[in-house]
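The structure appears below as structure tokens.
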2 protein chains.
Amino acid sequence: MTSPASSHEPDWTERQHDVLNAVLQLLVEVGDRLTMTDVAKRASCSKETLYKWFGDRDGLLISTVRWQAARVKVLPIDPASLDLGTLRMRLEEFAANWLTVISTKTSLALNRVAIAQAASAGGLGKIVLENGRLEMGRRLKPVLEAGRKAGLLDFPDAETAFRSYFGLVARDIQIRLLLGDEIELSADMIKTDAARAAQQFLALYGAGIPIGSADQTKTPDGTSGPTATRSA
Amino acid sequence: MTSPASSHEPDWTERQHDVLNAVLQLLVEVGDRLTMTDVAKRASCSKETLYKWFGDRDGLLISTVRWQAARVKVLPIDPASLDLGTLRMRLEEFAANWLTVISTKTSLALNRVAIAQAASAGGLGKIVLENGRLEMGRRLKPVLEAGRKAGLLDFPDAETAFRSYFGLVARDIQIRLLLGDEIELSADMIKTDAARAAQQFLALYGAGIPIGSADQTKTPDGTSGPTATRSA
DNA sequence: CGCTAAGAGTACCGTACGTTACGGTTCTTA
DNA sequence: TAAGAACCGTAACGTACGGTACTCTTAGCG
């Protein structure tokens, strides 16, 4: 549990979890326009209870974001015993997991309301940022560092490398989804994308080791591109 | 930047431009919460005039997005006479311009309201997407194609290559800005970022030509010509 | 000078929503 | 089993906002 600044929230009761899940559901359906009445009706509770438990509408939304963040089960990555194959596997796992999460309807809904409120009351934006992008960095960087220590990767600092990997993984997907573009992200496409991103990242930050040679059994099939950048 | 060169749609009068600029200004200041009364007051016009000119609130917002899109004058890129140096320069120009645009306060405000409304009424989202990400693709792809024709680049299709470049350029910047993270994007940093993105893109999609430092050992793979994309 | 049109300013209407208040019901506990 | 707390359902209140109507000023024009 490497949560430095967040360790006081999850003492909700089961009933309260139901309410927060109802909020998530409604957020997906109607987005920003959810009303307290809607929440009360969906959760089969009274509005008075909502206000007693969560203070006001913003408090309810913030609690919901926290609850969702705590619920998203991101697989921890073990930086131990790295060779090139497992490093690539870790990178692909991370990318696939990340793509899966950000294309979730709940993630999109949460990011939408957070972005909408980021202009005025920046509370939600900060929280989503903290549990989204920043948490991902915190999680992957040890792997990158381990890769560097093992002589597999070469980069000036982990933050820079991570941000590049982030770009290679997400590309324009998140912004397009947020803007309402209907992209179909099947599991196969996610896997292909993750493989391509890892491939490209290793091509950029690999420590002089030929990438596409020898023991590479799974060539990214389909829409992946540059397997030939370092062909000996 | 000031030359409108409006192709077909917006033949607004000067007075109406003032109104739309007021909307942009207010959008930056209060974001989603702008009211018609605010607009009328800021633009020194009556609400009735707003409704006569723009129909309703959504019409006003859509017109504003169109107006801003028409006002952003992105430099056209000339795909003629490509060598590696000019290709890299074109790529850097594109990246720097794109980073500059998306970090603008107006661009952020517009994207925020479009994203907020994308869940329910997808009108704005589609328009922003069309004038943002998709227009960028439309603009850069000819350059990429020219680079491929000149034997400088190697990719299966321009869309894939463009999306990777998009990721290398934007990384996590746009989502962080949208969520309210205060990032300082100086002109120097943009230039550095653009150079790094172009560098990495050429490393990934360059046609077998060594990129790194100016004169490196040329790996003489004569087979990888510009027409080597038939594999897989 | 009167007539007309456009538009600024403002009052007004209907509605939707956040928030509060209250009566009735269920659960806890002694 | 009965007191008391927690909670549900709903009515009510105040406010804010989208949209409309009405008045008043200004400009063009015969």
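Lettering of chains follows the sequences in order, A, B, ..., and the numbering in each one begins at 1.
The side chain of B:Ser46 has C:dG9 as its nearest neighbour among C:dG9, D:dG18, C:dT20. Closest approach to the B:Thr49 side chain among D:dC8, C:dG7, C:dG18 is made by C:dG7 (side chain taken as heavy atoms from C-beta onward). Side chain of A:Tyr51, nearest nucleotide from C:dT19, C:dC17, D:dC17: C:dT19.
Rounded to an integer number of Å, the gap from CZ of A:Phe54 to P of C:dT19 is 14 Å. Separating the CE atom of A:Met36 from the C1' atom of C:dT20 is a distance of 12 Å, rounded to the nearest angstrom. If you measure from atom CG of B:Leu60 to atom P of D:dG18, you get 10 Å, rounded to the nearest angstrom. C:dC17 atom P lies 7 Å from atom CG of A:Asp38, rounded to whole Å. We find that CH2 of B:Trp53 is positioned 11 Å from C1' of C:dA8, with the value rounded to whole Å. Going from atom CG of B:Asp32 over to atom C1' of C:dC17 covers 15 Å, rounded to whole Å. Rounded to whole angstrom, the span from the CG atom of A:Leu50 across to the C1' atom of D:dT10 amounts to 14 Å. Atom CZ of A:Arg15 is separated from atom P of C:dT26 by 15 Å (rounded to the nearest Å).
Side-chain atoms of A:Thr192 come within 3.5 Å of backbone N or O of A:Asp188 as a donor-acceptor pair. No side-chain donor-acceptor contact under 3.5 Å links A:Asn97 to the backbone of A:Glu93. B:Arg42 places no side-chain N or O within donor-acceptor distance of the main-chain N or O of B:Val23, the cut-off being under 3.5 Å.
Atoms CG and CZ, from B:Leu20 and B:Arg15 in turn, are 10.5 Å apart once rounded to the nearest 0.5 Å. Rounded to the nearest 0.5 angstrom, B:Ile127 CD1 and B:Ser63 OG are separated by 8.5 Å.
Among the atoms of the strands shown, only primed sugar atoms or phosphate atoms (P, OP1, OP2) are found under 4.0 Å from some heavy atom of B:Leu34.
No donor-acceptor contact under 3.5 Å links the side chain of B:Lys47 to the base of C:dT10. Applying the 3.5 Å distance criterion, the base of D:dC7 shares no donor-acceptor pair with the side chain of A:Glu48.
Contact check, A:Arg33 against C:dG18: no side-chain N or O comes under 4.0 Å of OP1 or OP2.
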